[in-house]
Amino acid sequence: MSTELTLKIAGMSCGGCVRSVSGVLSALPGVERAEVSLERGEANVRFDAAQVTPQQLLAAIDDAGFEAALPA
Ligand code: 9UX
């Protein structure tokens, strides 16, 4: 069963950052789709909650050099 979440991401400055974030999210087992918006500073992610947790999504983005947070 897939879940959808829109994460807030700080620190993205160009399309390369968008590709980096898209890449690290897509590489996680259980991530089905990741749509990253530079303008909004967000990533909409659809994932299988049985395979990956929201905290793992945040950690992967942080490890890539950005600062991710759950929606307020
Ligand atoms: Mo663009 Mo981002 O030159 O990590 S790729 S600012």
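Quick note: residue numbers are just sequence positions, from 1. Order of listing sets the numbers, starting from 1, for every ligand and every atom in it.
The number of heavy-atom neighbours closer than 6.0 Å to CZ of R33, taken from other residues, nucleotides and ligands shown, is above 12.
Between the side chain of Q51 and the main chain of D48, no donor-acceptor pair closer than 3.5 Å is present. N44 places no side-chain N or O within donor-acceptor distance of the main-chain N or O of V36, the cut-off being under 3.5 Å.
By the criterion of side-chain heavy atoms lying less than 4.5 angstrom apart, applied directly or through intervening Ile, Leu, Val, Met, Phe, Trp or Tyr residues, V24 is not grouped with I9; the two fall into different hydrophobic clusters.
Of all atoms in ligand 1, listed by their number and element, those nearer than 4.0 Å to a heavy atom of G16 are 5 (S). Distances below 4.0 Å separate heavy atoms of S13 from the following atoms of ligand 1: 6 (S). Counting the atoms of ligand 1 from 1 in the order shown, those under 4.0 Å from a heavy atom of F66 are 4 (O). Listed by atom number, the atoms of ligand 1 under 4.0 Å from C17 heavy atoms are 2 (Mo), 4 (O), 5 (S), 6 (S).
In this structure, of G65, A64, C14, the residue bringing a heavy atom nearest to atom 1 (Mo) of ligand 1 is C14.
V52 places none of its side-chain heavy atoms less than 4.5 Å from the side chain of P29.
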